[in-house]
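Working notes for the structure below.
From a predicted model like this one, the values you see are computed outputs, not experimental measurements.
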Amino acid sequence: MKVLMISSSYPQNAEDWRVRFISDLVDALARREDIKLRLWAPPGDRPSSVMNHATDQESLWLKELMAQGGMAHVLRTKGVNGIFAAVKLLAMLRKAYLRPADADVFHVNWLQNALPLRSIKKPVVISVLGSDYGLLRLPFMVTLLRKVIKRRKCILSPNADWMVSELDKQFGDIAEIRPIPFGVRNMWFGIERKPPVQAKRKWIVVLRVTKKKIGSLFSWGEKLFNGEDELHLLGPMQEQIVIPDWVHYHGATHPAELRDVWFPQATGMITLSEHDEGRPQVMLEAMAAKLPIIASGIPAHRNMIEHQRTGWIAATREEFQAGLKWVSQDNVNIRLGIEAADWVRRTVGTWDDCAEKYFDVYQKLAGMER
């Protein structure tokens, strides 16, 4: 099976925190002997068997785009220049789609990257993420996407099943909607949580630092983390936000640091995000590592966390405070972690499980369904 994968974001190396899920997916697909993968994406570490579809000029421009924070960040912060960058990206994608690739199927990550397909009739699977929901709210965007999708065999694959209803409403008459959850690397399941004997409990927050990602964290957390509990914030600063002095801010992190340092010693993870989320990968990894999570009640979080069984959902400051107290109990903490890891194994699985599901989709689109 010959597949051309398109991704406008890609991590540069193992210590790059950005879009790790794309490189994990590429690695899993590359492990399969029945898939020949060609990749159009920014430069970064990838298996030797994966062929590069980007020209040198495209690779250089994409590398510069990643250095600026990626297309979504550029659009949010660069004004008119951000719009020019988006137009240039779409033009590059159009050339990439037209360039001979000898592919049976196109695999496109993010809905907006499918816009340049237009008259090209190649079958396509589009991985839909939570950030795509912001795109769908733009004027005429659904109309433009429908024009692209209806011209070919197309399967839309959201990475969480809660997104199915809206996608089915907008595109169900012209495309199949088949959710495929992104997987989890086996290393997360193997972490042994042994919080050291310490004066204070350590709670961690791992995210891109923006107002929507932070949500109510600072207002709800004030005066709650000055006694037996400490709050440690990890992630790149993508908007200028004043971080309170009671928050221990460590800047950007990467998977090895989370695996070796933070996940083993933390009492739990906190995310009060109000951002358009699909199924946050770092939450899945924490759950696989048996690390309990206290989360806001956005659809993505409620899709992952069953209140008081696999985590805690908080809608108010009082509920947040109650969650901190409840999850801090040793017996509760251990039970939540075990239940969370079991849910990830059953519902999400590994990256090899994810690659198997995508292979089934490729076969169906290419007319070779088993």
4.5 Å side-chain heavy-atom contact, L291 and R193:
yes
Linking I/L/V/M/F/W/Y whenever their side-chain heavy atoms sit closer than 4.5 Å, directly or via other members, would I313 and L272 fall into one cluster?
no
Given a cutoff of under 4.5 Å between side-chain heavy atoms of I, L, V, M, F, W and Y, with clusters grown through shared members, what are the other residues clustered with I334?
I338
Using a strict threshold of under 4.0 Å (side-chain N to carboxylate O), is an ion pair present between R20 and E15?
no
Hydrophobic cluster identity match, M304 and V205, side-chain contacts under 4.5 Å:
no
Starting from the C-alpha separation in whole Å, work towards a yes-or-no answer on side chain to side chain contact (heavy atoms under 4.5 Å, CB included) for L39 and M51.
CA-CA 6 Å; L39 178 65; M51 294 172 286; over 6 Å; no
So if I apply the side-chain hydrogen bond (donor to acceptor under 3.5 Å, both in side chains) rule between R201 and each of N333, D229, T267, which one comes out positive?
D229
Verify the neighbour count for atom NZ of K63: are there more than 12 heavy atoms of other residues, nucleotides or ligands below 6.0 Å?
no
When you compare the side chain of L324 with that of I270, does any pair of heavy atoms fall below 4.5 Å?
yes
Charged N-O contact under 4.0 Å between D102 and K2
yes
Please report the shortest heavy-atom distance between L93 and P116, naming the atom on each side.
CB-CG, 3.7 Å
Identify all side-chain donor-acceptor contacts of residues 212-227 below 3.5 Å with residues at least two apart in sequence or on another chain.
residue : atom : partner : partner atom : Å
K213    : NZ   : E277    : OE1          : 3.2
K213    : NZ   : E277    : OE2          : 2.8
S219    : OG   : S216    : O            : 3.1

Nearest-0.5 Å distance, CG of residue L117 to NZ of residue K147:
15.5 Å
Can you check whether L29 reaches F359 side chain to side chain, under 4.5 Å on heavy atoms?
no
Could you please spell out the steps behind the side chain to side chain contact (heavy atoms under 4.5 Å, CB included) verdict for D45 and Q12?
CA-CA 6 Å; D45 294 342; Q12 186 174 9; over 6 Å; no
Can you find a pair of side-chain heavy atoms, one from W17 and one from L234, that are under 4.5 Å apart?
no
Kindly check if the number of other-residue, nucleotide or ligand heavy atoms within 6.0 Å of CG (D330) is above 12?
no
Whether R38 side chain and K36 backbone form a donor-acceptor pair below 3.5 Å
no
Assess whether a salt bridge exists between K290 and E192, defined as any Lys/Arg side-chain N lying under 4.0 Å from an Asp/Glu carboxylate O.
no
When you look at R208 and E239, which way does the salt bridge (charged side-chain N to carboxylate O under 4.0 Å, His left out) test go after all the steps?
CA-CA 9 Å; R208 293 181 289 109; E239 291 180 5; over 6 Å; no
Calculate, to the nearest 0.5 Å, the distance between atoms CD1 and CD1 belonging to I22 and I6 respectively.
11.5 Å
With side chains defined as the heavy atoms from C-beta onward, is the minimum distance between D16 and H254 less than 4.5 Å?
no
Considering non-hydrogen atoms only, spot the tightest contact between G183 and C354 and give its length.
N-CB, 3.9 Å
Begin from the C-alpha positions of E257 and T253 and carry the test side-chain hydrogen bond (donor to acceptor under 3.5 Å, both in side chains) through to its verdict.
CA-CA 7 Å; E257 185 177 48; T253 187; 2.5 Å; yes
Carboxylate-amine/guanidinium contact E228 K200, below 4.0 Å:
no
Sidechain-backbone polar pair: Y249 side chain, M237 backbone, donor-acceptor under 3.5 Å
yes
Closest non-hydrogen contact found for P11 with V19 is CD-O, 3.5 Å
Does the Lys NZ or Arg CZ of R18 fall within the cation-pi geometry relative to Y10 - under 6.0 Å from the ring centre and within 45° of the axis?
no
With clusters defined by side-chain heavy atoms of hydrophobic residues (ILVMFWY) lying less than 4.5 Å apart, directly or transitively, does I83 cluster with L89?
no
Path from V206 to I298 over hydrophobic side-chain contacts below 4.5 Å:
no
Distance-minimising heavy-atom pair for S7 and S9
OG-O, 2.6 Å
With sequence neighbours excluded, residues passing side chain to side chain donor-acceptor pair (under 3.5 Å) with Q321
none
For S157 and Y358, does a side-chain donor sit closer than 3.5 Å to a side-chain acceptor?
no
Tell me, do R31 and D27 make a side-chain contact under 4.5 Å, heavy atoms counted?
yes
With no hydrogens and no angle check, do the side chains of D353 and T350 hold a donor and an acceptor under 3.5 Å apart?
yes
pair I155-K364: side-chain heavy atoms closer than 4.5 Å
yes
Qualifying ring pair (Phe, Tyr, Trp, His ring centres under 6.0 Å) pairs with a residue from residues 165-189, counting only residues at least two apart or across chains:
F21-F182, F182-W351, W188-F263
Have W40 and E58 got a donor and an acceptor in their side chains that come within less than 3.5 Å?
yes
Here the gap from R345 atom CZ to M287 atom CE, rounded to the nearest 0.5 Å, amounts to 13.0 Å
Donor-acceptor side-chain pairing of Y362 and H107 below 3.5 angstrom:
yes
Is the number of heavy atoms from other residues, nucleotides or ligands within 6.0 Å of CG (D56) greater than 12?
no
Residues two or more places apart in sequence or in another chain: which of them pass side chain to side chain donor-acceptor pair (under 3.5 Å) with Y97?
none
Nearest 0.5 Å, what's the CG-CG distance between L111 and L129?
9.0 Å
Between atom CE of M66 and atom OG of S8, what is the distance when rounded to the nearest 0.5 Å?
8.5 Å
Quick check: does any side chain N or O of Q170 sit under 3.5 Å from a backbone N or O of E166, one acting as donor and the other as acceptor?
no
Do L233 and L207 touch side chain to side chain, with heavy atoms closer than 4.5 Å?
yes
Rounded distance (nearest 0.5 Å) linking atom NZ of K95 with atom CD of Q57
7.0 Å
With a 6.0 Å cut-off on the ring centroids, do W262 and H232 count as close?
yes
Same cluster or not: are I305 and L336 linked, directly or through other Ile, Leu, Val, Met, Phe, Trp or Tyr residues, by side-chain heavy atoms under 4.5 angstrom apart?
no
Hey, does the side chain of K202 reach the backbone of A266 with a donor-acceptor pair shorter than 3.5 angstrom?
no
For the student: nearest non-hydrogen atoms of P264 and L258, plus distance
CD-O, 3.7 Å
Tell me the closest heavy-atom pair linking A295 and M283, and the distance in Å.
CB-CE, 4.4 Å
Are the side chain of H301 and the backbone N or O of S296 linked by a donor-acceptor pair below 3.5 Å?
yes
Intermediate values then yes/no, side chain to side chain contact (heavy atoms under 4.5 Å, CB included), V282 and M269
CA-CA 10 Å; V282 72; M269 175 182 282; 4.0 Å; yes
More than 12 non-hydrogen atoms from neighbouring residues, nucleotides or ligands closer than 6.0 Å to CZ on R151, yes or no?
no
Could you list all the ring pair (Phe, Tyr, Trp, His ring centres under 6.0 Å) pairs where at least one residue sits in residues 122-159, not counting sequence neighbours?
Y133-W162
